Every structure is written in C-alpha cells, then in structure tokens.
2 protein chains.
Amino acid sequence: MNTTIYDVAREAGVSMATVSRVVNGNPNVKPATRKKVLDAIEGLGYRPNAVARGLASKKTTTVGVIIPDISSIFFAELARGIEDIATMYKYNIILCNSDQNKEKELHLINTMLEKQVDGILFMGGEITEDHAETFKRSSVPVVLAATLDENREMPSVNIDYHQAAFDAVAELIRSGSENVGMVSGPLEDPVNGFQKFSGYKKACEEIGNGFDENLVAVGDYSYDSGLEAAQQLMELDKAPSAIFAATDEVALGVIHGLQDKGWNVPEDVQVVGFDNTRLAQMVRPTLTTVVQPMYDIGAVSMRLLTKYMNKEDVEDEVVVLPHLLENRNSTSF
Amino acid sequence: MNTTIYDVAREAGVSMATVSRVVNGNPNVKPATRKKVLDAIEGLGYRPNAVARGLASKKTTTVGVIIPDISSIFFAELARGIEDIATMYKYNIILCNSDQNKEKELHLINTMLEKQVDGILFMGGEITEDHAETFKRSSVPVVLAATLDENREMPSVNIDYHQAAFDAVAELIRSGSENVGMVSGPLEDPVNGFQKFSGYKKACEEIGNGFDENLVAVGDYSYDSGLEAAQQLMELDKAPSAIFAATDEVALGVIHGLQDKGWNVPEDVQVVGFDNTRLAQMVRPTLTTVVQPMYDIGAVSMRLLTKYMNKEDVEDEVVVLPHLLENRNSTSF
DNA sequence: GTGAAAGCGCTAACAC
DNA sequence: GTGTTAGCGCTTTCAC
C-alpha cells in the first residue's frame, strides 16, 4: 500500500485538508503546523498521487503532443523545444507518432482527450475538415506547430514557407542560375509540397525565365529521393544549374547524387536546402539553406499553449517566425 | 460539463456497472443491452475519463520514458522503437529529456512515479547508487535501454559495446592499418566512453602493436569534436592510418576534418563509426560503421517492460542484441 | 488557521 | 446478466 495524504494527516496529527494545503504551497498554514506536516511527509516517504489530484482538480499538468515522426531530425528538434518549455512550466508531455496518417491522428487526439490532457500540440500535414471538427469539439486548447491551417482559424506557429522558398530561389536566379530545378515533397503536403513549390514557381515566373514543370521532381523527403532526383534532373536537355530542395536531407541527397555523377557543387550546380538542420554543416560543400528555427517553433508553440491553458490573454493567435537564408558553400553567391 | 458514465447509464436505462462493462468489452452483457448502451454513448458523445479509470483501477496504461536528448539522432531512433511497441500494447508514453544530468534524472523518476506510470524506460549514462536506490524503491518495473548497469541487476537491453569496438578495431588492424587512432566520448560515460575505449585498447594490445594513449582523442560526441580530433591526430609524428570514432556523427566530423586537410579516405586514413545511424549513408565516402540496432533496442526494451507490467514470466532480464560491422567505403577492407 | 465532508468519474467486488 | 455500493486519493467549499 502506498502512503496517502490520510496517513500523513494522522502521523502529523492534522486533517488531510491541512496536508493538502502544505503540499500545494497554500500560505494559510501556521509555520509550526507546516513543519509537522513536512516532517511526516519526509518520514513516511509520501509522494502525492497525481492521478487522484487530476481527478479532483480537473487538471493533469500534462499536454498531448502529436508528431509525424520523432525519428525525423526535423521533428526531433521541434520536440526538444516543446519539451523544454513544457518542463519550464511544469507540464509533462505525452508524445505520439502519427506518421501523418489521418486516422491515427484523429485516434490520437481522442486518446489524449480521454487522458484528460490540459492541451494539445499538433504537428502534421493537412488539417482536414475532420481535424477541424475534432479540434473544435475539444474541451482543451490546441496549437499547431509547423503545420498550416488554411482557414487560419486555429492558433499556430510557423514561418512563411511560401516566401522563404521564393527568397531562396530568387537568390539563386539573381546569382546567375538561369534554370533552377526543384526537388519538392508531395504536392498534397501543404508545407513541404505546396507552399514551397508555389514559392519556387512564383520566383521562376517573376524573376526567372518562367516556370517549367520538367524542372520539378517530386520526392518523398528522403535522402535517397534527393539522390535520384538530382540524377534525373541532370539528364534533362535543359539541365538545371541550381537545385532547390524542400528539406536538408533531400539536399544532401542531391549534392551526393550530383557528385556521384561527376558534377561539381557549386561550380556546375548550386544547391540550396531547407530547414538548417545539423545536416547542413555535415556535408561537403556545406549546405546553403533556408533557416527554419525548429527549436523556436517548438518552444514558442508550447509557450502559446501554456497561455491558453492558463486562460491568459493572447494577442497573436497565428505567429509567423522570421526565416533567413544561411549562406554556405553549396552556392556561389 | 462533460458527460459521464452515469449520464450514459440513465440515457440507456441501465446501471453504470453495465455501461462500464460495455466500455471495457466485458462479455457478460446481453447484446440487446450492449446496443442500447452503445447508442447512448454515441448519442451523448461520451468519452471515458482515463484519469478516473486510473484512480479506480490503479493502472494508467502510461509509461515514463527518460531519455538524454530526443534531438539526438541516436535517441530519436530509439524513441521511435519504444513508442511503436508501446502503441502496439496500448500504452502511451510520457517523454522527458534528462541531458544525462543526475539531478534531473532523479527528479524525473519521481515525477513519473507521482503520475502513476505503470513502468519506466530509462536511458542515460551512469547508473549510480542513488539511481539504483530510487529504482529499487519504485513500485513499478524499470527497464534500461542502451544503458549499462554495472552490477547487472536491472533488466536492460544493449549490445556488447566492448566487443563491438574490439571487432571494429581488430578489422582495421587486420586490414593493414598499423596505428589505429580513436576519438572517444568522455571516459566517464560507461557506453560511449569506457566500453568502446576498452574494446579499442584491447584490440590494440592483442592484435596490434600495443596501446598508445597519444592516439586517443577525447571528444564530446559532436560533429565538431570529430573535426578537430582528426586534425589533431594527424599532426602526430606517428599519425594514424585509421581512426575509430565512438559515434557516427563524430565519424563524419573525422572524415571531413581529414578531407579538409587534404587526406583521402580511405586511401590515406580509414574511418569507422559507430551506431549505423542514417548519417552513415549521407557522407562521401559512405561510412563503415558498427551496427547498433537502435530501433530494435527501443522496441525490445519496451516489449520487455510490457512483460514486467503484465507480470509475465521473463526468461532473459539482461538482453544483449547482436552487433555487426557494416562495410562501406570509408575503409578499404 | 484548521477541520469535516462532499464529490471528481470510474472499477470491482458482491448480491440478486 | 445486471444493479448496488464502496472505495481509489485527492481538492475544495464551507464551517468554525
């Protein structure tokens, strides 16, 4: 049998209400009484039961985190930001992988709600009607991290992916690369697919020689898909002199795909990645990439969530963090 | 107000015990009654409260996971194995980063126990007396993953780090490399420091020309420390013709440190890493490395934990998974 | 400043 | 098969 608040009360010769006050730091306790209680707690090795507390107080100090894949270097970094801030505000995290699978996501949201989490941090691909519906029915606040809600009606933390992609490609064009190719994520993916692609396309149209769909290869975010895409793009009659990759991992694949076929980076082909994961510095030449502040997105979104959970006023429901282009050696500008 | 089991009972015209039976899949319910209850649940949008259930049943179907750093590519992969198996057995995971800080670790264990987790999966550095003490006092099972307990009295899942290091270095020596250098983790770290170092040392003594401490650089697991260590080792009069790195990330640093100074891998210097993270294939030349089955270690340790939580019989408390050397292009054997 | 007592929403005997 | 009832360990009024 574990020792309960009642055991402590008896040992200290007070009521359980008083023990509860001491445990919760309520100031309305005489110092002498407090000491008696503290001694009893110490002596009995009492440890409060958070489940009972959760039932009585309707607060669990736990938040649910739904993430596509914790083994992805990108999301792992985000998760670290989330967890650090959660810890800072005394919350714990229930972490689940969704693989961006809609059924799983919906199921997980329900599981977290059953577990009475005080809030949910959601990372995923598309926010469908079903998602929106489920979130709206949720009794606790939900914040999106690195995830777009097209209707912009949910709190979220992102960078401007479209603009970031545009900026990167524009820089490539201005530096003299006539045809810029792209290795995109699946176009259904709002962030890694659509947004980045549309930024790329806009830059080609407005600053470059126009958009040519042959210059776009669609990969699956993996290193290998970058490897293949690069070689495929270089076989084009009008082979690109620069390639914009949707993620750093893909960009590394691109660089190596190029090098394996004897092309030089950046002399023959410039390469730009996206995210600025640690990978960007672990390749030769080092990778020029769009900086997406992953840790910060995690941290800011968790902070935002704590505000909602505390019912504080929130000025910016939709926060857009700044991005920038980190210039390294895979480009010649 | 959320709808409770009592509301469902009234709506369906049965007792709450019956509703509980239906919700928990107890077969002792007449199909007609079951249907009435299910309809009521559906109609009211009832969602069971896991906290109340946890309090009443003394089971939370939640396990605590203490991990040094989720943003590390190694631990992230482990975590994924853990979470997948947890999901399979209907457990959720509370994930916390410890940074291998002893105070944090001890504190986290307590927090998880307060939250009434059904078990704990621990990853860390050293298991001190205090750790052992705390674990022993724990009312729930604890399993170590990729973490050594020198007294071998706790359930754990690992590979044989000493032997794996020995094997890698022996192969290097047999392939003709006279002096093999090493970039180790801090020697206080039982796994990445001591075990791997001692395997290296033994191979030098038994198969090579003996051990020379000048050939060992101590880094901090980072890419940059590999970069520096490589350049430092190559300045030795007796520069190594092969370098064994304690982790893949360090090995990438070593390769690039070498290349940046004009050395060729593997012609001038062979390089072997450890872990077989995805990084090993994202470098040129691709990295020969010791395969540590990270996902499997996570998965197996979680499976082991479920057995303890179910009070099943466990034959192997200390499991040692096989390792092997994955031969790629950073070596010439 | 402290205590008594009523829940929180559910499970688990036990009775019928 | 189904209902009754007593907790699980705590928070939270409300008295005193």
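When reading the values below, keep in mind they use all heavy atoms of this one structure, side chains included, and skip hydrogens, waters and symmetry mates. Here is how names work: the chains are called A, B, and so on, in the same order as the sequence lines, proteins then strands, and each is numbered from 1. In this text, all values refer to a predicted model and were calculated from it rather than measured experimentally.
Atom pair A/Arg10:CZ and C/dG3:C1' shows a separation of 17 Å (rounding to whole Å applied). Taking atom NZ of residue A/Lys30 and atom C1' of nucleotide C/dT2, one finds them 9 Å apart after rounding to whole Å. When rounded to the nearest whole Å, the span between CG of A/Asn26 and P of C/dG1 equals 10 Å. In this structure, A/Asp7 places its CG atom 9 Å from P of D/dG9, rounding to the nearest Å.
With sequence neighbours left out, B/Pro141 forms a side-chain contact (heavy atoms from CB on, under 4.5 Å) with B/Leu305, B/Tyr308, B/Met309. A search for side-chain contact (heavy atoms from CB on, under 4.5 Å) contacts involving B/Ala17 returns B/Ser15, B/Arg21, not counting sequence neighbours. Checked against side-chain contact (heavy atoms from CB on, under 4.5 Å), A/Ser138 has the following partners two or more places apart in sequence or in another chain: A/Leu113, A/Val140, A/Val142. Residues forming a side-chain contact (heavy atoms from CB on, under 4.5 Å) with B/Val191 (at least two apart in sequence, or on another chain): B/Leu148, B/Tyr161, B/Asp189, B/Lys196.
Between the side chains of B/Arg303 and B/Thr306, at least one donor-acceptor pair of N or O atoms lies under 3.5 Å.
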Mind listing the side-chain donor-acceptor pairs of residues 63-82 of chain B below 3.5 Å, one per line with the distance, residues two or more places apart or on another chain?
| from | atom 1 | to | atom 2 | distance (Å) |
| --- | --- | --- | --- | --- |
| B/Asp69 | OD1 | A/Arg80 | NH1 | 2.9 |
| B/Asp69 | OD1 | B/Ser71 | N | 2.9 |
| B/Asp69 | OD1 | B/Ser71 | OG | 2.9 |
| B/Asp69 | OD2 | B/Ser71 | OG | 3.1 |
| B/Ser72 | OG | B/Phe74 | N | 3.2 |
| B/Ser72 | OG | B/Phe75 | N | 3.3 |
| B/Arg80 | NE | B/Asp84 | OD1 | 3.0 |
| B/Arg80 | NH1 | A/Asp69 | OD1 | 2.9 |
| B/Arg80 | NH1 | A/Asp99 | OD1 | 3.0 |
| B/Arg80 | NH2 | A/Asp99 | OD1 | 3.2 |
| B/Arg80 | NH2 | A/Asp99 | OD2 | 2.9 |
| B/Arg80 | NH2 | B/Asp84 | OD1 | 3.2 |

Less than 3.5 Å apart, which donor and acceptor atoms pair up between the side chains of residues 36-46 of chain A and the rest of the protein, not counting sequence neighbours?
| from | atom 1 | to | atom 2 | distance (Å) |
| --- | --- | --- | --- | --- |
| A/Asp39 | OD1 | A/Lys35 | NZ | 3.4 |
| A/Asp39 | OD2 | A/Lys35 | NZ | 2.8 |

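Residue-level contact check: A/Val14 touches the backbone only, with heavy atoms under 4.0 Å from sugar-phosphate atoms and none from bases.
The stretch residues 118-143 of chain B participates, sequence neighbours left out, in these ring-ring contact (aromatic ring centres under 6.0 Å, His included) pairs: B/Phe122-B/His131, B/Phe122-B/Phe135. Among residues at least two apart or in separate chains, there is no ring-ring contact (aromatic ring centres under 6.0 Å, His included) pair with a member in residues 83-114 of chain B. Evaluation of the side-chain hydrogen bond (donor to acceptor under 3.5 Å, both in side chains) test over residues 116-127 of chain A, restricted to residues two or more places apart or in two chains, returns A/Thr60-A/Asp118.
The stretch residues 113-120 of chain B has no heavy atom under 4.0 angstrom from DNA chain C at all.
Residue B/Ser15 places none of its side-chain N or O atoms closer than 4.0 Å to OP1 or OP2 of D/dT4. Phosphate contact (OP1/OP2 of D/dT11, side-chain N/O of A/Lys59, threshold under 4.0 Å): absent.
Terminal axes of the helix from C/dG1-D/dC16 to C/dC16-D/dG1 (five pairs each, C1' rotation axis) are separated by 30°, to the nearest 10°.
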Query raised in the report: Going 5' to 3' along nucleotides 10-16 of chain C, which nucleotides have protein heavy atoms under 4.0 Å from the base (write B), which only from the sugar-phosphate (write S), and which from neither (write -)?
Result: BBB----
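Remark: A/Lys307 does not engage A/Glu317 in a salt bridge, criterion side-chain N to carboxylate O under 4.0 Å.
With DNA chain D read from its 5' end, the first of the two nearest nucleotides for B/Leu55 and B/Gly13 is the one closest to B/Gly13.
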